[in-house]
Number of protein chains: 2
Amino acid sequence: MGTIYDLAKKTGFSITTVSKALNNYKDVSDKTRAKILQAAAEMDYLPNAHAQSLSTKKSWAIGVMFSEANEVGMKHPFFNGIIESFRHATEEQGYDLIFASRNLRNRDMSYLEHFKHRAVDGIVVICSDRMDEQVQELMRSDIPIVVVDMDSANCSVVYSDNIEGARLAVNYLYELGHRKIAHIAGDETIDAGAARIKGYELAMQELDLPIRPGYLVNAGFFSVGEGKQAMERLLELDDQPTAVFVAGDQMAIGVIEAIHEHGLHVPNDISVIGYDDIEMIQYITPKLTTIRQDTDEIGEAAAELLLEQMTAKERLTERRVIPVRLVERASCAPVKQ
Amino acid sequence: MGTIYDLAKKTGFSITTVSKALNNYKDVSDKTRAKILQAAAEMDYLPNAHAQSLSTKKSWAIGVMFSEANEVGMKHPFFNGIIESFRHATEEQGYDLIFASRNLRNRDMSYLEHFKHRAVDGIVVICSDRMDEQVQELMRSDIPIVVVDMDSANCSVVYSDNIEGARLAVNYLYELGHRKIAHIAGDETIDAGAARIKGYELAMQELDLPIRPGYLVNAGFFSVGEGKQAMERLLELDDQPTAVFVAGDQMAIGVIEAIHEHGLHVPNDISVIGYDDIEMIQYITPKLTTIRQDTDEIGEAAAELLLEQMTAKERLTERRVIPVRLVERASCAPVKQ
DNA sequence: CCTCTTCCCGAAAGCGCTTTCGGTAATTTG
DNA sequence: CAAATTACCGAAAGCGCTTTCGGGAAGAGG
């Protein structure tokens with residue numbers, strides 16, 4: 001492959017000139033530039049990224065951190081959608097993504113330390129627990145950072161309009177005639193969970209609907225199993241809801257399962273509406289009506305906010321709230337008389 | 001953060017000694033090592049990875065390439081399972097994963113070029129089209145590489161036992177009394193598709209079952225829509241199958257949809273068995289019986305084969321075939337009399 | 001007491017690249 | 001034609017680290 005030294009030797013110019021030719025400096029003549037480029041092509045020359053980074057202090061790499069909670073890792077469909085679109089957007093600008101191990105040759109370090117070690121140009125953190133000490137540390141650092149699906153005053157953030165989403169859901173159920181609307185919620189330590197709860201309460205209040213005892217149930221961390229358990233608790237109530245707004249699609253799947261196992265029918269007996277619009281819910285029975293989060297736009301926005309900071313070379317704190325919309329499918333029906 | 005120069009100044013030792021202390025060379029006394037480590041901790045010293053890589057020619061990074069076909073990218077659930085377990089396994093050894101953009105500051109280069117530029121220690125390629133020129137180039141290179149879900153004589157590979165999987169599926173249907181067994185296949189240009197076809201043909205032959213006209217239908221690249229279309233073609237046959245072995249779970253979802261839309265019932269009218277065991281098929285109706293690919297083990301095996309080559313510093317060509325198993329759920333039933 | 005090891009430490013070169021700064025040759029200007 | 005630009009090129013320092021090699025001091029052996 002060779003280095004610029006080889007190129008210099010081969011062309012007879014100095015390494016300075018070679019480097020300049022390669023980097024489009026204007027103080028090399030077209031003729032020598034052409035010669036050098038030609039030679040570079042002939043010997044399959046490729047610049048060494050490490051040497052470049054060392055010298056320029058720019059690594060063209062973005063560190064990715066995501067929640068390992070629930071053992072989902074990279075398997076979480078919502079996370080994946082976001083990271084995929086984030087990847088596309090940053091890749092266009094020439095950045096690589098690096099998924100950091102926290103294990104530096106057997107000395108394990110924090111994510112921040114690792115990212116500093118790797119000298120990434122920026123960091124994106126996705127789907128995380130705001131209480132996570134690691135995340136806090138990242139947010140306190142001076143590396144450009146964007147946080148997805150979580151709010152913070154100290155760094156750029158992007159998340160869906162969860163309040164509005166919850167309102168959409170509740171209003172939709174209301175228009176179908178439902179008055180006894182329950183909410184199976186995500187844990188309040190997760191921003192998205194808390195916001196949807198807030199939106200639910202707000203919407204109910206606006207509609208002058210009381211939140212009956214037991215109608216707001218914390219189902220934890222968005223898994224199918226937790227959703228199912230939560231629904232079972234609702235089904236034990238004397239005063240059962242006719243509709244339930246579930247804070248996540250995966251939980252909603254569990255919810256439907258519980259309802260079915262109880263011998264009831266969705267949506268004829270109970271309507272359920274989810275949140276996220278992950279792909280698979282189109283294929284379950286009944287197809288799930290849900291609030292769609294636009295993962296493409298979230299990813300793009302995150303990329304935009306991060307790139308902005310990286311070029312500005314200063315910490316910005318912009319907040320981007322991505323609109324959501326209702327996707328009507330088959331899991332909600334007018335209330336039975 | 002500081003460099004080793006700062007550490008040297010602070011402790012009064014030379015940078016040589018500092019470096020040695022940090023890297024556990026034995027020709028520094030315990031006392032000075034302690035001092036240096038202490039000072040390092042005090043000033044939050046972290047070694048610069050680029051400088052290290054430049055000097056040692058080891059980057060502790062593994063390049064990841066995956067298929068962009070079908071626009072799935074990182075969203076493909078099967079891919080994700082594998083990469084997640086691969087990540088875990090390599091992370092334990094201190095490696096980071098880098099998802100390469102092919103856009104080096106607006107000059108777009110091949111994956112191989114990019115990986116060379118980044119000086120990765122190894123490459124993993126997943127779920128790819130064997131015809132892809134980029135993949136071919138990677139396989140021809142001299143960088144340690146492991147290929148998943150594809151066969152090749154020139155590099156280490158790991159894939160599921162697709163022949164056996166197909167056989168398991170066909171035999172299972174046979175035992176349920178089915179004799180008219182069709183196969184909705186993946187494209188033959190995909191190794192997994194081809195192997196499952198072969199397994200299907202083999203199994204049918206072993207059971208002395210004829211493959212009736214139109215019973216082997218190419219459904220392309222494993223999407224829900226393609227599966228659905230393929231099933232529609234089967235349903236147009238005068239001599240309809242009583243069971244169908246589908247080469248992928250996503251396609252199977254489309255298959256079931258087509259059958260239902262045709263007014264038939266799964267499994268009472270037609271039995272369906274899938275392939276992969278992606279998470280969501282537990283939640284569709286009926287729950288899909290399938291051949292389970294062990295993504296965890298595939299990822300681990302891939303990591304193992306790659307790490308092996310990286311430490312051996314030579315190209316190896318081991319082949320690892322991961323066993324599969326039948327997961328019985330509710331989409332298959334005894335044949336109607 | 002002298003020599004031979006052993007134990008520690010540091011000078012220096014090298015990894016591959018960028019960038020400042022100065023210098024020469026060619027060109028323009030008055 | 002002299003002076004002032006302009007165009008082009010290169011020496012050298014620097015980025016932060018590793019590793020070879022040699023040398024001084026201390027301890028061991030005779």
Side-chain angles (χ1 to χ4, degrees), chain A residues 1-37 39-40 43-61 94 104-105 107 113 115-121, chain B residues 1-37 39-40 43-61 94 104-105 107 113 115-121:
Chain A
M1 254 191 39
T3 71
I4 54 172
Y5 290 90
D6 302 321
L7 262 178
K9 198 165 297 167
K10 179 166 179 174
T11 58
F13 293 99
S14 71
I15 61 160
T16 306
T17 303
V18 170
S19 172
K20 285 180 181 172
L22 260 20
N23 291 295
N24 283 315
Y25 276 59
K26 49 235 179 164
D27 64 340
V28 317
S29 70
D30 291 346
K31 216 165 90 184
T32 71
R33 182 193 316 288
K35 272 187 203 161
I36 291 175
L37 259 35
M43 61 188 285
D44 288 323
Y45 169 78
L46 282 176
N48 178 303
H50 299 296
Q52 285 185 157
S53 302
L54 188 55
S55 170
T56 59
K57 287 163 170 331
K58 166 116 185 143
S59 64
W60 294 95
L104 176 58
R105 313 207 205 150
R107 148 160 155 52
E113 285 174 326
F115 288 143
K116 281 189 168 172
H117 164 67
R118 283 277 183 196
V120 298
D121 295 332
Chain B
M1 255 193 41
T3 70
I4 54 172
Y5 290 90
D6 301 321
L7 261 179
K9 198 164 301 166
K10 179 166 178 174
T11 58
F13 293 100
S14 71
I15 60 160
T16 307
T17 303
V18 170
S19 173
K20 285 181 181 171
L22 260 21
N23 291 295
N24 283 315
Y25 276 58
K26 50 243 185 149
D27 64 341
V28 315
S29 69
D30 290 346
K31 217 165 90 184
T32 71
R33 182 194 315 287
K35 273 188 203 162
I36 291 174
L37 258 35
M43 60 188 286
D44 288 324
Y45 169 79
L46 282 175
N48 178 303
H50 298 297
Q52 285 185 153
S53 302
L54 188 55
S55 170
T56 59
K57 286 159 171 333
K58 166 117 186 146
S59 64
W60 294 96
L104 176 59
R105 315 208 203 151
R107 147 162 155 53
E113 285 173 326
F115 288 142
K116 281 190 168 173
H117 164 67
R118 283 277 184 194
V120 298
D121 295 331

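Lettering of chains follows the sequences in order, A, B, ..., and the numbering in each one begins at 1. Please read these numbers as outputs of a predicted model, since none were measured by experiment.
Atom NZ of K58(A) is separated from atom C1' of dT19(C) by 18 Å (rounded to the nearest Å). For N23(A) and dT18(C), the CG to P distance is 4 Å, given to the nearest whole Å. Rounded to whole Å, the distance from NE2 on H50(A) to C1' on dC17(D) is 13 Å. D30(B) places its CG atom 7 Å from the P atom of dC8(C), with the value rounded to the nearest Å. A straight line from NZ of K35(B) to P of dC8(C) spans 13 Å, rounded to a whole angstrom. Rounded to whole Å, atom C1' of dC17(D) lies 7 Å from atom OH of Y5(B). Distance L22(A) CG to dT19(C) P: 13 Å, rounded to the nearest Å. For I15(B) and dT20(D), the CD1 to C1' distance is 13 Å, given to the nearest whole Å.
You won't find any donor-acceptor pair under 3.5 Å spanning the side chain of D27(B) and the base of dC8(C), going by distance alone.
Residue F13(B) places its side chain closer to dC9(C) than to any other of dC9(C), dG16(C), dG10(D). Checking dC21(D), dA11(C), dC17(D) against the side-chain heavy atoms of K20(B) singles out dC21(D) as nearest. Among dT18(D), dC9(D), dC9(C), the nucleotide with an atom closest to any side-chain atom of T56(B) is dT18(D). Comparing dG16(C), dC17(D), dT20(D) by their nearest atom to the side chain of S55(A) picks out dG16(C). Set against dC9(C), dC17(C), dC8(D), the side chain of S29(A) has dC8(D) as its closest nucleotide. Residue T17(A) places its side chain closer to dG10(D) than to any other of dT20(D), dG10(D), dC9(C). With dC9(C), dT18(D), dG16(D) as the candidates, the nucleotide lying closest to the side chain of K57(A) is dG16(D). Nearest to the side-chain atoms of S14(A) among the listed nucleotides dG10(C), dA11(D), dT18(C) stands dA11(D). With dC17(D), dC9(D), dT18(C) as the candidates, the nucleotide lying closest to the side chain of Y45(B) is dC17(D). Listed nucleotides: dG16(D), dA11(C), dT18(D). Nearest to the side chain of L54(B): dG16(D).
Here the side chain of H50(B) pairs no donor or acceptor atom with the backbone of A51(A) at under 3.5 angstrom. A side-chain donor-acceptor contact under 3.5 Å links D121(A) to the backbone of W60(A).
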Apply side chain to side chain contact (heavy atoms under 4.5 Å, CB included) to the pair D44(A) and E113(B), showing each step before the final yes or no.
-> CA-CA 9 Å; D44(A) 288 323; E113(B) 285 173 326; 5.5 Å; no
Checking side chain to side chain contact (heavy atoms under 4.5 Å, CB included) for the pair Y45(B)/L22(B): CA distance, chi angles, key distance, verdict?
-> CA-CA 10 Å; Y45(B) 169 79; L22(B) 260 21; 3.5 Å; yes
Yes or no on side chain to side chain contact (heavy atoms under 4.5 Å, CB included) for I36(A) and T17(A), after CA distance, side-chain angles and deciding distance?
-> CA-CA 9 Å; I36(A) 291 175; T17(A) 303; 4.1 Å; yes
Kindly indicate, with the supporting measurements, whether the criterion side chain to side chain contact (heavy atoms under 4.5 Å, CB included) is fulfilled by N24(B) and R33(B).
-> CA-CA 8 Å; N24(B) 283 315; R33(B) 182 194 315 287; 3.8 Å; yes
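How far OG of S53(A) is from CZ of R118(A): 10.5 Å, rounded to the nearest 0.5 Å. Interatomic distance, T32(B) OG1 to L37(B) CG, rounded to the nearest 0.5 Å: 9.5 Å.
S19(B) comes within 4.0 angstrom of a nucleotide base, judged by non-hydrogen atoms across all strands. S53(A) comes within contact range of no nucleotide atom at all, as no heavy-atom separation falls under 4.0 Å. Counting any heavy atom pair closer than 4.0 Å across all strands shown, T3(A) reaches sugar-phosphate atoms only and no base atom. Counting non-hydrogen atoms under 4.0 angstrom, N48(B) reaches the backbone sugars and phosphates but no base. Among the heavy atoms of the strands lying under 4.0 Å from Y25(B) are primed sugar atoms or P, OP1, OP2 only; no base atom is included.
Of all non-hydrogen atoms in A119(A) and S59(A), the two that sit nearest each other are O-OG, 2.6 Å. Here the shortest heavy-atom pairing between L46(B) and M1(B) reads O-CE, 3.5 Å. Scanning all heavy atoms of the two residues, the minimum distance from T11(B) to A39(B) falls at CG2-CB, 3.5 Å.
Residue T32(A) has a polar side-chain atom (N or O) positioned under 4.0 Å from OP1 or OP2 of dC9(D). Using a 4.0 Å cut-off, no side-chain N or O of Q52(B) falls inside it from OP1 or OP2 of dG16(D).
Two end axes, each from the C1' atoms of five base pairs, can be drawn for the helix from dC1(C)-dG30(D) to dG30(C)-dC1(D); they diverge by 40°, to 10 degrees.
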Under 4.0 Å protein heavy-atom contacts per nucleotide of nucleotides 23-28 of chain C, with B for base, S for backbone only and - for none | ------
